[in-house]
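For reference, the structure discussed in these notes is given below.
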Amino acid sequence: MSNNPTQLGSGEGAQKPHPNIEVFYQVEGRPGLEHLEAPSTTTLADLRLLLLERHALAPEVLLFLEDHEEPAEGNSPCSDHSRSGMIHAHVHKCSKIKVIVNFQEMSPEHAFGPGTTIAKVKEWFTKEFHLSPTDAGEYFLQVHGTNDRPAPNVHLGTLTHCPACLVTFDLVSDVKIQG
Amino acid sequence: MVTAVVPPDERALQADLGRPEFRLGEAQGRWSKKSISWPIVLIGVTASDSAEFVLRFNCAGYPQVGPTAGLWDPVQDTILPFDRFPLHNGGRVSQVFRTDWEGGRALYHPCDRHAISTHGDWPGLHPSKLWRPDKGIVQYLEFVHELLNCSDYKTRNCA
């Protein structure tokens, strides 16, 4: 029996308890991903304050868990939101990010949380454009006016800043790789 | 006392393997480092059906020079036999994991050093796929992981 009294969240099942949570996070305006370890009992509110202090951020900055629409706050421990002892979060001033996807003659839009992944956006436009999974697999989100096609795990928050809170994509088909 | 001098390209790769971007991929089970015997680096990438495909990277000159990599059988220490290459539905997976090019020793993709060096028109045709030293090896792993998890990838059990 473990000496560690930490109670893990329902998502952890019977896995070995993690005394610490690994927090991978991105901060608006800072390049690259960051990492820290925090006690698994750290609440979401405490984690937000910890990150605000660590990076000298403005008090209105919000914390988002990956693929969550609403800000992460309250006294719920981080361990309740972890998978395999790890959470992936985003710190951003935008409460929502408006996404516009240009495809043929259409330009639908939708608002997502800054921690939303490109993969999640792709799920949305697959439904929006009534694409089959096979067809959807042949299209990529390319940031409008660039050659940048963010990987599926990239957070929307890395692609825009407050007060714009807007990302415009072109939905492009892949050019066949051939000699 | 003799101190081993670690070459700058190996130091750069080691630094990138310690970056959160690579460690997040490991924590999420998307890839895992197997071994380093400079300049050879073995990294496994997980497919949508949990099958793992090991890439044998040659990282000489990293990161200014991009790596080249091919599918590898770490047990037999040889190129992965073609009958164990990723299965596909005839789309993007088959374009990259080719068995009819260079004996399967490199991936047919603009991010790969060997492939780009033999296709002078690719930089103009595939600007979004070119190697970027600032993104490092995670860029290569991300496109392989994306391919092994796209709808064109076919689970072997269903073949």
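Atoms considered below: every heavy atom in the structure, side chains included; atoms not considered: hydrogens, waters and symmetry mates. Each chain gets a letter, A, B and so on, in the order the sequences are listed, and its residues count up from 1. Since we're looking at a predicted model, the values are computed, not measured.
A:V172 and A:F169 fall into different hydrophobic clusters, where Ile, Leu, Val, Met, Phe, Trp and Tyr are joined by side-chain heavy atoms under 4.5 Å apart, directly or via other members. Note: the hydrophobic cluster containing B:I79 does not contain B:L55 (ILVMFWY, side chain heavy atoms under 4.5 Å, direct or indirect links). Grouping the Ile, Leu, Val, Met, Phe, Trp and Tyr side chains by contacts below 4.5 angstrom, directly or via other members, places A:L171 with A:L156. Cluster membership for A:V154 and B:V138, using ILVMFWY side-chain heavy atoms within less than 4.5 angstrom, is not shared. With hydrophobic clusters built from ILVMFWY side chains whose heavy atoms lie under 4.5 angstrom apart, A:Y139 shares a cluster with A:F129.
The candidate from B:C150, B:P127, B:A115 with the greatest count of non-hydrogen atom pairs under 4.5 Å with chain A is B:P127. When each of B:R92, B:R98, B:H119, B:E142 is scored by its heavy-atom pairs under 4.5 Å with chain A, the top score falls to B:R92.
Taking the side chain as every heavy atom from C-beta outward, A:Q178 and B:L125 never approach each other to under 4.5 Å. Looking at heavy atoms from C-beta onward, A:R149 lies in side-chain contact with B:K129 at the 4.5 angstrom threshold. With a 4.5 Å cut-off on side-chain heavy atoms, B:L24 and A:M86 count as touching. No side-chain heavy atom of B:R19 sits under 4.5 Å from any side-chain heavy atom of A:L33.
Surrounding NZ of B:K33 are at most 12 heavy atoms belonging to other residues, nucleotides or ligands under 6.0 Å away. More than 12 heavy atoms of other residues, nucleotides or ligands sit less than 6.0 Å from atom CD of A:E60. The neighbour count for B:K135 NZ, taken as heavy atoms of other residues, nucleotides or ligands under 6.0 Å away, is above 12.
Using modelled atom types, no side-chain atom of B:R23 and backbone atom of A:F24 make a donor-acceptor pair closer than 3.5 Å.
For chain A, no part of B:W101 is nearby; none of its heavy atoms comes within less than 4.5 Å. If you measure heavy-atom distances from B:S128 to chain A, the contacts under 4.5 Å come from both the backbone and the side chain. With a threshold of 4.5 angstrom between heavy atoms, A:E34 approaches chain B through N, CA, C or O but not through any side-chain atom. Of the two parts of B:E21, the backbone and the side chain both hold a non-hydrogen atom closer than 4.5 Å to a non-hydrogen atom of chain A.
Considering every non-hydrogen atom in both A:I177 and B:P110, the closest pair reads CD1-CD, 3.8 Å. The minimum heavy-atom distance linking B:S151 with A:G137 is given by the pair OG-CA, 3.9 Å.
A:N153 contributes atom CG, which lies 6.5 Å from atom CD of B:Q28 (distance to the nearest 0.5 angstrom). Going from atom CD of B:E146 over to atom CD1 of A:I118 covers 12.0 Å, rounded to the nearest 0.5 Å.
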